[in-house]
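Each chain gets a letter, A, B and so on, in the order the sequences are listed, and its residues count up from 1.
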Number of protein chains: 2
Amino acid sequence: MDSKIQKEIRDSFTAYLTEKKLRKTKERYAILEEICNFSEHFDIITLHQRLLTANFHVSKATLYNTVDVLTDAGIIVRHQVTTQLVQYELRRLADSHLHLICMKCSSVRELKNAHLKGLIHTLKTPRFTPVFHSLYIYGLCARCKNKQQKELNKRNK
Amino acid sequence: MDSKIQKEIRDSFTAYLTEKKLRKTKERYAILEEICNFSEHFDIITLHQRLLTANFHVSKATLYNTVDVLTDAGIIVRHQVTTQLVQYELRRLADSHLHLICMKCSSVRELKNAHLKGLIHTLKTPRFTPVFHSLYIYGLCARCKNKQQKELNKRNK
DNA sequence: GTTACTGCAAACGATTTGCAAGTGG
DNA sequence: CCACTTGCAAATCGTTTGCAGTAAC
């Protein structure tokens with residue numbers, strides 16, 4: 001990630017911690033740093049492994065805590081595609097793309113779309129001040145669609 | 001729910017079961033029936049209780065199984081707003097509304113919008129066959145926005 | 001100093017799984 | 001009758017929680 005943007009994000013985190021009178025610990029900043037290295041979704045377990053690999057020891061409990069704080073701060077966004085695992089993403093990344101979720105294999109693909117933001121801003125939301133959005137489109141990925149088609153062909157032989 | 005619509009849904013379920021060579025058990029139909037009684041989101045535990053109240057005994061395992069089948073059939077839709085509990089909804093209901101989620105108080109409001117479906121259909125999704133979508137807009141509900149404004153006013157006095 | 005934060009391990013609880021008994025086709 | 005379904009209970013595993021030690025302010 002662009003280091004200028006990363007600094008922006010770090011500064012907004014600092015501002016949030018100050019406003020909420022929360023402590024600025026090295027764990028919190030190290031975790032945010034590592035999160036910025038993901039170019040797409042991540043989950044707690046992967047984040048934990050990456051931090052260990054980077055030789056930074058943090059407990060899972062702290063990760064869960066920090067990720068909650070970052071979510072409250074509006075810096076990351078929570079995605080729950082499967083029952084098993086919560087995924088997160090930098091809100092900055094999430095803003096301009098939508099998520100294509102395969103109903104068969106649960107794979108998630110991100111799709112950038114320049115019009116999306118504009119489209120959604122045309123929606124009227126009375127008595128509600130929108131900040132950001134997430135659009136999930138469920139369906140079949142090319143691979144599963146293919147598989148399904150082959151099965152149908154087989155059956156009709 | 002309109003009994004005509006309910007019949008439509010039941011018939012589409014039957015068609016699905018036939019096509020997939022799955023069995024048409026009384027449990028499956030009783031569960032679908034009960035699901036139709038919800039006017040909004042529901043979860044497995046509430047569904048279980050309602051069925052027991054209606055004097056229909058089913059195990060949780062069967063509920064989980066059936067709900068998966070119904071999801072595959074495209075009759076219900078899975079929502080995962082909180083970490084704790086998966087929620088479901090009839091797709092028929094979900095199709096034309098979006099979810100306004102307050103970042104302060106976590107309240108969820110459903111908002112019907114006639115344009116939404118059309119807007120989202122204009123999006124191109126290469127190598128992906130869309131089936132349905134969910135749009136979540138995060139922001140501040142009127143109440144929390146108000147509270148925030150009052151605090152700001154107080155601070156600037 | 002005070003008290004929020006961290007780390008560890010144990011607890012939790014929704015969902016999943018294994019298997020014997022039941023029943024649709 | 002075959003094998004898909006159900007019910008029950010046990011297992012699973014991501015997440016949460018309690019508490020003692022540590023460090024931010």
Side-chain angles (χ1 to χ4, degrees), chain A residues 10 13-35 41-52 54-73 76 78-88 105-106 108 155, chain B residues 10 13-34 41-52 54-73 76 78-88 106:
Chain A
R10 194 169 53 241
F13 189 35
T14 301
Y16 175 83
L17 293 174
T18 302
E19 193 216 323
K20 294 283 180 177
K21 295 190 171 46
L22 298 171
R23 291 183 181 169
K24 300 168 188 68
T25 67
K26 61 180 178 310
E27 284 83 1
R28 286 179 174 164
Y29 283 99
I31 291 167
L32 178 55
E33 205 88 348
E34 197 59 49
I35 286 176
H41 295 184
F42 63 90
D43 57 72
I44 297 283
I45 291 166
T46 312
L47 178 57
H48 195 217
Q49 289 169 342
R50 288 248 194 137
L51 282 161
L52 291 184
N55 240 27
F56 191 91
H57 179 273
V58 240
S59 69
K60 290 243 185 80
T62 299
L63 280 185
Y64 280 106
N65 168 30
T66 303
V67 145
D68 274 355
V69 174
L70 287 167
T71 304
D72 269 353
I76 63 177
R78 188 205 301 265
H79 293 290
Q80 256 172 291
V81 178
T82 69
T83 349
Q84 305 292 7
L85 208 62
V86 183
Q87 296 198 301
Y88 298 89
C105 68
S106 294
V108 182
R155 203 176 291 172
Chain B
R10 195 169 52 242
F13 189 35
T14 302
Y16 175 83
L17 292 174
T18 303
E19 192 217 322
K20 294 282 180 178
K21 297 190 170 45
L22 297 171
R23 291 187 181 165
K24 300 169 188 67
T25 66
K26 61 180 178 311
E27 283 84 1
R28 287 179 173 161
Y29 283 100
I31 292 166
L32 178 56
E33 206 87 348
E34 198 59 49
H41 294 184
F42 64 90
D43 57 73
I44 296 283
I45 290 164
T46 313
L47 178 57
H48 195 215
Q49 288 169 343
R50 289 249 194 136
L51 282 161
L52 292 184
N55 241 25
F56 190 92
H57 179 275
V58 239
S59 68
K60 290 245 184 80
T62 299
L63 280 185
Y64 279 107
N65 168 30
T66 303
V67 145
D68 275 355
V69 174
L70 286 167
T71 304
D72 268 354
I76 63 177
R78 190 204 300 264
H79 290 291
Q80 265 173 284
V81 178
T82 69
T83 345
Q84 304 291 9
L85 209 60
V86 182
Q87 296 199 300
Y88 298 88
S106 294

Each nucleotide N or O in nucleotides 10-14 of chain C that has a protein N or O under 3.5 Å away: list the pair and distance.
none

Checklist entry - Rounded to the nearest 0.5 Å, what separation is found between the CD1 atom of A:I76 and the CD1 atom of A:I35? => result 4.5 Å
Checklist entry - What pairs of residues pass the side chain to side chain donor-acceptor pair (under 3.5 Å) test when at least one of them lies in residues 56-70 of chain B, not counting sequence neighbours? => result B:S59-B:T62
Checklist entry - How sharply is the helix from C:dG1-D:dC25 to C:dG25-D:dC1 bent, taking the axes over five pairs at either end and rounding to 10 degrees? => result 40°
Checklist outcome for this item: Bounded by its outermost nucleotides with an atom under 4.0 Å from a heavy atom of chain A, the footprint on DNA chain D reads D:dG14 to D:dC25
Item to check | Nucleic acid contacts of residues 23-31 of chain B, taken as heavy-atom distances under 4.0 Å to DNA chain C | outcome: B:R23, B:K24
Checklist outcome for this item: Taken in chain and number order and not counting sequence neighbours, the residues that satisfy side-chain contact (heavy atoms from CB on, under 4.5 Å) with B:Y29 are B:R10, B:F13, B:T14, B:L17, B:K24
Checklist entry - Given B:L22 and B:R28, is the side-chain contact (heavy atoms from CB on, under 4.5 Å) satisfied, shown in steps? => result CA-CA 11 Å; B:L22 297 171; B:R28 287 179 173 161; 3.9 Å; yes
Next on the checklist: Just verifying a value: how many Å separate B:E27 CD and B:T25 OG1, rounded to the nearest 0.5 Å?
Outcome noted: 4.5 Å
Item to check | Between OG1 on residue A:T46 and CD on residue A:Q49, distance to nearest 0.5 Å | outcome: 6.0 Å
Next on the checklist: Would you compute the distance between atom CG of A:L70 and atom OH of A:Y16 and round it to the nearest 0.5 angstrom?
Outcome noted: 9.0 Å
Checklist outcome for this item: So CD1 of B:I31 and CZ of B:F56: to nearest 0.5 Å the spacing works out to 7.0 Å
Next on the checklist: Test of understanding: with side-chain contact (heavy atoms from CB on, under 4.5 Å), list the residues that count as partners of B:Q87, not counting sequence neighbours.
Outcome noted: B:H41, B:D43, B:H79
Next on the checklist: If we ignore hydrogens and angles and just use 3.5 Å, is the side chain of A:R78 paired with the main-chain N or O of A:V67 as donor and acceptor?
Outcome noted: no
Checklist entry - Base, sugar-phosphate, or nothing for B:N65, non-hydrogen atoms under 4.0 angstrom? => result sugar-phosphate
Checklist entry - Which residues pass the side-chain contact (heavy atoms from CB on, under 4.5 Å) test with B:K26, sequence neighbours left out? => result none
Checklist entry - How many Å lie between CG on A:L52 and P on C:dG7, as a whole number? => result 11 Å
